[in-house]
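In what follows, a single structure is set out as structure tokens and then discussed.
Each chain gets a letter, A, B and so on, in the order the sequences are listed, and its residues count up from 1.
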Amino acid sequence: MKREKIYQLLKKSSQADNVLIKGWLRTKRDSKNFSFLEINDGSYLKNIQVIADCTLDNYTEITKLTIGSAVAIRGKLVKSQGKGQALEIQAQSIEIISLAPESYPLQKKRHTDEFLRTIAHLRPRTNKYGAIFRIRSELSYAIHKFFRNKGFKYIHTPIITGSDCEGAGEMFRVTTLRPDQKIKNDYAEDFFGQETNLTVSGQLSAEMFALALGDVYTFGPTFRAENSNTSRHVSEFWMVEPEMAFCDLEGDMDLAEEMINFLITHILDNCAEDIQLFAKFVDKKLMTTLDNIRAGAFLRLPYSDAVDILRKSGRKFEYEVEFGKDLQSEHERYLTEQHFKKPVILYNYPKEIKPFYMRLNDDDLTVAAMDVLVPGIGEIIGGSQREDRPEVLVERMEELGQFPEDYWWYIESRKYGTVPHSGFGLGFERTLMLLTGVKNIRDVIPFPRTPGSIEF
RNA sequence: UCCCCAGUAGCUCAGUUGGCAGAGCGGGUGGCUGUUAACCACCAAGUCCGCGGUUCGAGUCCGUGCUGGGGAGCCA
């Protein structure tokens with residue numbers, strides 16, 4: 001007999017004579033002559049209620065079942081006599097697969113996120129974390145669906161890299177040398193014969209493929225060795241990076257906006273029950289926030305206008321706003337949460353504060369960069385039109401202290417058939433935070449890696 | 001890395017002016033009820049984060065370290 005998922009059973013409206021479920025006991029209520037068992041198999045937020053009558057031959061063992069124990073239950077799917085659920089299983093046999101000791105840390109009560117982080121191997125067994133990781137799975141699918149519908153090709157860019165990619169942030173060193181084997185200036189003795197790191201972005205590789213396959217995207221892990229201790233940073237996270245040939249900054253912004261709207265709609269349509277949990281218990285304003293994002297176009301604003309708005313706002317900021325300086329969290333938050341109260345795309349940033357690969361505008365002061373800011377999270381997307389003119393690219397590298405010879409292949413892509421092209425990076429975990437209202441990034445990734453913390 | 005806050009039973013927390021270590025939940029035992037984070041009674045449960053100091057006496061005051069959280073910077 002084939003096991004059925006609880007998700008499938010609870011979707012049924014009809015009764016059934018013979019069903020088999022396998023799952024874990026979430027809670028149990030004993031009566032004199034029977035017990036109510038609530039079983040969850042992870043396929044669905046809700047448990048299925050099982051009636052275990054005392055006539056079952058192993059009833060004594062059943063009454064001793066503990067939370068977290070694994071069981072296989074065969075029985076009839078019938079209309080429930082009680083309130084609170086439409087259907088329930090009248091058990092004909094209950095096989096105890098394994099009994100969890102009473103030291104099982106998850107209780108029938110609310111646990112704090114901080115505590116659950118210390119038992120990250122067990123937290124997906126809770127309602128909230130089960131919901132998060134079902135949504136995470138569905139969001140991954142939605143990303144592929146979005147791009148596939150638009151004819152993008154999925155590219156697997158390297159995780160181990162030899163270039164220090166745009167010099168963005170600290171990187172994790174990859175080496176096969178033991179700590180006692182000293183590196184003598186060059187890396188001749190090391191595995192790859194040169195300095196090697198974990199990637200901080202697949203962008204440079206993705207650009208090569210955009211200039212071959214047209215529209216491409218990457219979706220994979222990314223690593224930053226920054227000593228960041230905030231609720232929005234982890235050392236290993238996932239990033240989505242589309243890259244489009246024959247596309248300017250405006251097309252880039254169009255795609256970013258369309259993508260965020262698609263992802264929200266897909267999750268609301270396909271994870272309704274799980275999302276409800278967050279709207280009810282995690283963030284009461286979640287539905288308003290999400291509906292608000294989908295309701296109208298994102299506001300698009302040049303960096304210089306943002307500076308004007310901030311300077312004229314009359315607000316006292318800890319950091320001064322000045323053209324040529326990067327905007328701080330407090331500035332971004334003011335724009336998206338107070339002033340406009342909707343997602344804002346800032347574009348055309350001063351060239352001094354942006355990397356070499358962003359296309360220099362005709363004003364010679366700004367580059368064709370854009371950041372998508374959303375209320376509550378801040379920056380969720382960073383992107384740009386890429387510098388497609390080889391001479392300008394080399395000039396910009398030199399200005400910013402990069403060595404063009406290290407990027408010979410990147411520069412060569414501009415030598416042969418160069419075209420305007422654009423792309424961006426979307427933080428996958430930050431998108432999950434937006435969709436669920438979860439405030440700490442450590443709670444939307446299975447086993448978070450942060451400075452000083454790699455227990456699981 | 002910097003600033004602020006916290007660490008007491010398995011979990012969430014209370015603990016007064018420095019004077020015998022507490023509650024709810026969870027766990028165990030028994031009872032009761034088509035129950036819904038069920039309910040009632042009883043029982044067990046502690047390196048008060050570590051180290052050092054002040055004091056007749058420290059969970060409480062001081063120093064220091066560790067861990068966690070919030071914020072900042074860096075960014076996705």
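Using a 4.0 Å heavy-atom criterion, one finds that A:Glu429 contacts no nucleic acid atom at all. Among the protein residues, A:Tyr104 comes within range of no part of the nucleic acid, since none of its heavy atoms lies under 4.0 Å from any strand. Contacts of A:Thr27 with the nucleic acid, taken as non-hydrogen atoms under 4.0 Å apart, involve only primed sugar atoms and P, OP1 or OP2. Among the heavy atoms of the strands, none lies under 4.0 Å from A:Arg123. At the heavy-atom level, A:Ser80 lies under 4.0 Å from base atoms of the strands shown.
Nucleotide B:rU35 holds its P atom 10 Å from the CD atom of A:Gln49, rounded to whole Å.
Here ring pair (Phe, Tyr, Trp, His ring centres under 6.0 Å) pairs that include residues 43-89 of chain A, with residues two or more places apart or in two chains, are A:Tyr7-A:Tyr44.
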Pick out the pairs of N or O atoms, protein on one side and nucleotides 29-32 of chain B on the other, that lie under 3.5 Å.
from, atom 1, to, atom 2, distance (Å)
B:rC32, OP1, A:Lys32, NZ, 3.3

Hey, what are the protein-to-nucleotides 23-25 of chain B N/O distances that come in under 3.5 Å?
from, atom 1, to, atom 2, distance (Å)
B:rG24, N2, A:Lys109, NZ, 3.3

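Ring geometry, A:Phe152 versus A:Phe147: the interplanar angle falls from 30° to 60°, so the pair is classed tilted.
The stretch residues 138-149 of chain A has no heavy atom under 4.0 Å from RNA chain B, so no residue of it qualifies as close.
Nucleotide B:rA23 is matched to B:rU12 when pairs are restricted to Watson-Crick or G-U wobble geometry with both distances under 3.5 angstrom.
Place A:Asn440 and A:Leu327 on RNA chain B by their nearest nucleotides, and A:Asn440 ends up nearer the 5' end. The 5' end of RNA chain B is approached more closely, in terms of each residue's nearest nucleotide, by A:Ser103 than by the other of A:Pro451 and A:Ser103.
A donor and an acceptor atom sit less than 3.5 Å apart, one in the side chain of A:Gln81 and one in the base of B:rG34. No hydrogens or angles were tested; on distance alone, nothing pairs the side chain of A:His111 with the base of B:rC11 as donor and acceptor under 3.5 Å. Judged by distance alone with a 3.5 Å cut-off, no donor-acceptor contact links the side chain of A:Ser228 to the base of B:rC75. Contact of A:Glu88 with B:rG34 (side chain to base): a donor-acceptor pair of N or O atoms is detected under 3.5 Å.
For A:Lys28, the salt bridge (charged side-chain N to carboxylate O under 4.0 Å, His left out) criterion is met by A:Asp30, not counting sequence neighbours. A:Phe219 meets the ring-ring contact (aromatic ring centres under 6.0 Å, His included) test with A:His144, A:Trp238, A:Phe428; sequence neighbours excluded.
Of the N and O atoms on the side chains of A:Tyr217 and A:Glu241, not one donor lies less than 3.5 Å from an acceptor on the other residue.
The salt bridge (charged side-chain N to carboxylate O under 4.0 Å, His left out) test with A:Asp113 is passed by exactly one of A:Arg442, A:Arg123, A:Lys128, A:Lys439: A:Lys128.
Using a cut-off of 4.0 Å between Lys/Arg side-chain N and Asp/Glu carboxylate O, A:Lys150 and A:Asp215 are scored as not salt-bridged.
Both thresholds, 5.5 Å between centres and 30° between ring planes, are met by A:Phe237 relative to the base of B:rA76, so the two rings are stacked.
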